[in-house]
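Along the sequence shown, residues carry numbers from 1.
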Amino acid sequence: MGKSLNGKELGPGYSQRKNGLYMRSFRENGKQKAVYGSTLRECKAKYEARMIEAKQGISSENPTINAIWLAFLENKISVGKLRGSTAALYKSEYEKYICPEFGKMRVKAVKSLEIEIFQQKLIKKGLATSTIGNVMTLLHQILAAAVKSGYIPRNPAEGIEEIKDDGKTNRQNNRALEQDELNLFLEYAAGNFYYNVIRFLVATGIRSGELRALRWTDLDEKNNVIHIRKTVSHDENYHPCINDPKTLQSNRDLPLNSQILTILQDQKQLCKRHFDNNIKKIDDFIFPSSTGEMLSKPVLCRNFKKICDNIKADNHNFEPISPHALRHTFITTALLSGMNEYVVKSLVGHSQATRVTTTTYLGRSQTAMQEAMSGFKIG
């Protein structure tokens, strides 16, 4: 049993050197090895990471990126530092972009030049700036894990210049709708099974994942609020699941006004008619799928596309939108009506009020720009 310099028991294999560093010795491929840390916790973390690497078959002093990736992912999941939805996103980005380029390469062969060329390839593919940023960040984290484990002295992804958003990224699907566009969309959505879903998104600015997780037990008519405490996300295998929201601010009580109460009443009546005049349980989803299960994002998006296609088929000039566009519409409309930005922040669950007032919202409203310039002159 190893001891610290002051005589404290550290556990089997652990010790503290005279210079204060903690050490954990072990054998690897018949050779004596050790990891070090300035604290016992750091030393244990490094040792556990090496054991995970060994489990993944990393026995070489110069493992492949694939081997490091597997150990990196398992370590993140095992210590609870990765939400299931984030793990699923990491897997998708790695398998689609990083693995074909670097997967079979030995980590010591990966140089900064190869990473810069890789970034340029992603740009030429026409990927969104945000996607490229996510992929490059993941690659940086994988290589940082290799540095931490002592396979390479420095991270070759360090110092690679981030690409800037040139404004050409297509975010049209998430735009805030002008009033005539909104009226047209609601007109064509009428009669759709998810019409109340659409109305609720517009009336509350709630995220679609939060809406899909709502149950009738979240409705607090006594206090005239609906509790938003959960969201639909994905586990590491990309299976849908219900989780806590990412941020503390996303947990909120949304006040109910007459419009929202009407939508909820209409939805209750719809569920009774559609499901044989019976809401099965008090904790049923408020906005289920047409089969009574949890509403999935693909189903909702397909319905949005169908509505948009029907609008265009009637020769209306209407660009496609996603469910998130209705959140943008709520925020923009609320701000233009004079609602305090901090109130809007609280209603939609943003962590910072400054996010509400960026070009994501007001700056993209053509009406807002026209009104701002009406009668404006300098000099």
Side-chain angles (χ1 to χ4, degrees), residues 170-190 192 194-212 214 224-226 228 231 245 247 249-250 252-267 286-287 297 300-301 303-305 307-308 311-312 316-376:
N170 182 18
R171 297 190 182 91
Q172 190 71 4
N173 288 2
N174 287 339
R175 73 186 188 280
L177 301 183
E178 304 291 353
Q179 189 61 53
D180 57 343
E181 289 183 296
L182 178 59
N183 292 340
L184 186 63
F185 187 78
L186 289 172
E187 177 187 337
Y188 275 77
N192 188 295
Y194 301 107
Y195 180 50
N196 292 328
V197 170
I198 293 167
R199 294 166 67 202
F200 196 85
L201 290 171
V202 173
T204 63
I206 193 174
R207 299 176 178 93
S208 67
E210 296 169 341
L211 174 139
R212 291 182 286 125
L214 284 177
N224 203 42
V225 297
I226 190 164
I228 300 175
T231 189
T247 65
Q249 290 78 12
S250 294
R252 60 199 188 278
D253 289 340
L254 187 69
L256 302 174
N257 57 29
S258 59
Q259 181 186 29
I260 297 171
L261 286 169
T262 298
I263 295 168
L264 290 172
Q265 186 59 38
D266 290 348
Q267 179 65 10
I286 295 178
F287 300 101
K297 185 176 181 179
L300 185 57
C301 288
N303 272 270
F304 267 66
K305 183 179 184 303
I307 295 167
C308 292
I311 295 173
K312 292 208 74 172
H316 292 288
N317 183 21
F318 191 92
E319 295 298 324
I321 62 168
S322 70
H324 201 69
L326 301 186
R327 178 172 168 84
H328 283 230
T329 301
F330 172 87
I331 293 172
T332 301
T333 304
L335 290 168
L336 289 175
S337 71
M339 189 180 292
N340 182 283
E341 64 182 75
Y342 286 93
V343 173
V344 177
K345 172 195 81 75
S346 299
L347 289 173
V348 300
H350 273 167
S351 58
Q352 296 179 8
T354 51
R355 286 189 58 191
V356 178
T357 56
T358 62
T359 55
T360 303
Y361 302 109
L362 287 182
R364 290 194 190 155
S365 170
Q366 189 66 33
T367 299
M369 290 188 288
Q370 289 174 349
E371 291 179 355
M373 290 301 291
S374 177
F376 177 78

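Salt-bridge formation is detected for the pair Arg175/Glu181: a Lys NZ or Arg NE/NH1/NH2 atom is positioned less than 4.0 Å from an Asp or Glu carboxylate oxygen.
Between Thr262 and Arg199 the shortest heavy-atom distance is CG2-NH2, 4.1 Å. Residue Leu184 comes nearest to Phe318 through the heavy atom pair CD2-CD1, 4.1 Å, listed as atom of the first residue, atom of the second, then distance. Of all heavy-atom pairs between Val344 and Ala334, the closest is CG2-CB, 4.0 Å. Annotation for Ile198 and Ala189: closest pair CD1-CB, 3.7 Å, computed over non-hydrogen atoms. Considering all non-hydrogen atoms of both residues, Thr231 and Gly209 come closest at OG1-C, 3.3 Å. Of all non-hydrogen atoms in Pro255 and Ile260, the two that sit nearest each other are O-CD1, 3.7 Å.
To the nearest 0.5 Å, the span separating CZ on Arg207 from CZ on Arg212 amounts to 12.5 Å. The structure places CD1 of Ile226 at 6.5 Å from CG of Leu256, a figure rounded to the nearest 0.5 Å. Atom OG of Ser208 is separated from atom NE2 of His324 by 8.5 Å, given to the nearest 0.5 angstrom. Annotation: the span from Glu319 atom CD to Ile311 atom CD1 amounts to 11.5 Å, rounded to 0.5 Å. To the nearest 0.5 Å, atom SG of residue Cys308 and atom CD1 of residue Ile321 are 5.0 Å apart. A distance of 7.0 Å separates CG of Asn196 from CD1 of Ile263, quoted to the nearest 0.5 Å.
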- Task: Please lay out, stage by stage, how His350 and Ile331 fare under the test side-chain contact (heavy atoms from CB on, under 4.5 Å).
- Result: CA-CA 11 Å; His350 273 167; Ile331 293 172; 4.0 Å; yes
- Query: Stepwise, does the side-chain contact (heavy atoms from CB on, under 4.5 Å) test hold for Met339 with Leu347?
  - Reply: CA-CA 11 Å; Met339 189 180 292; Leu347 289 173; 3.7 Å; yes
- Query: Please walk me through it: do Phe200 and Ile286 pass side-chain contact (heavy atoms from CB on, under 4.5 Å)?
  - Reply: CA-CA 11 Å; Phe200 196 85; Ile286 295 178; over 6 Å; no
- Task: Verify side-chain contact (heavy atoms from CB on, under 4.5 Å) between Ile228 and Ser250, making sure each step is shown before the conclusion.
- Result: CA-CA 7 Å; Ile228 300 175; Ser250 294; over 6 Å; no
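Scored by the side chain to side chain donor-acceptor pair (under 3.5 Å) test, Asn183 finds Gln179 as partners (sequence neighbours excluded). Applying the ring-ring contact (aromatic ring centres under 6.0 Å, His included) criterion to Phe330, with sequence neighbours excluded, gives no partner residue. In terms of the salt bridge (charged side-chain N to carboxylate O under 4.0 Å, His left out) criterion, residue partners of Lys305 (sequence neighbours excluded) are, by chain and number, Asp309.
Side-chain contact between Asn317 and Lys312: absent, with no pair of heavy atoms (C-beta onward) separated by less than 4.5 Å. In this structure, Phe304 and Leu326 have side chains that are in contact, with non-hydrogen atoms separated by less than 4.5 Å. Side-chain atoms of Leu261 and Asn224, non-hydrogen and from C-beta on, do get closer than 4.5 Å to each other. You'll find the side chain of Gln267 stays beyond 4.5 Å of the side chain of Val197, heavy atoms only. Side-chain contact between Val202 and Leu182 is present, with heavy atoms from C-beta onward closer than 4.5 Å. The closest side-chain heavy-atom distance from Ile206 to Leu214 is below 4.5 Å. A 4.5 Å side-chain heavy-atom check between Ser322 and Cys301 finds every atom pair outside the cut-off. Looking only at side-chain heavy atoms (C-beta outward), Leu211 and Leu201 come within less than 4.5 Å of each other.
A perpendicular orientation is assigned to the rings of Tyr188 and His316, their planes being inclined by more than 60° (bins at 30° and 60°).
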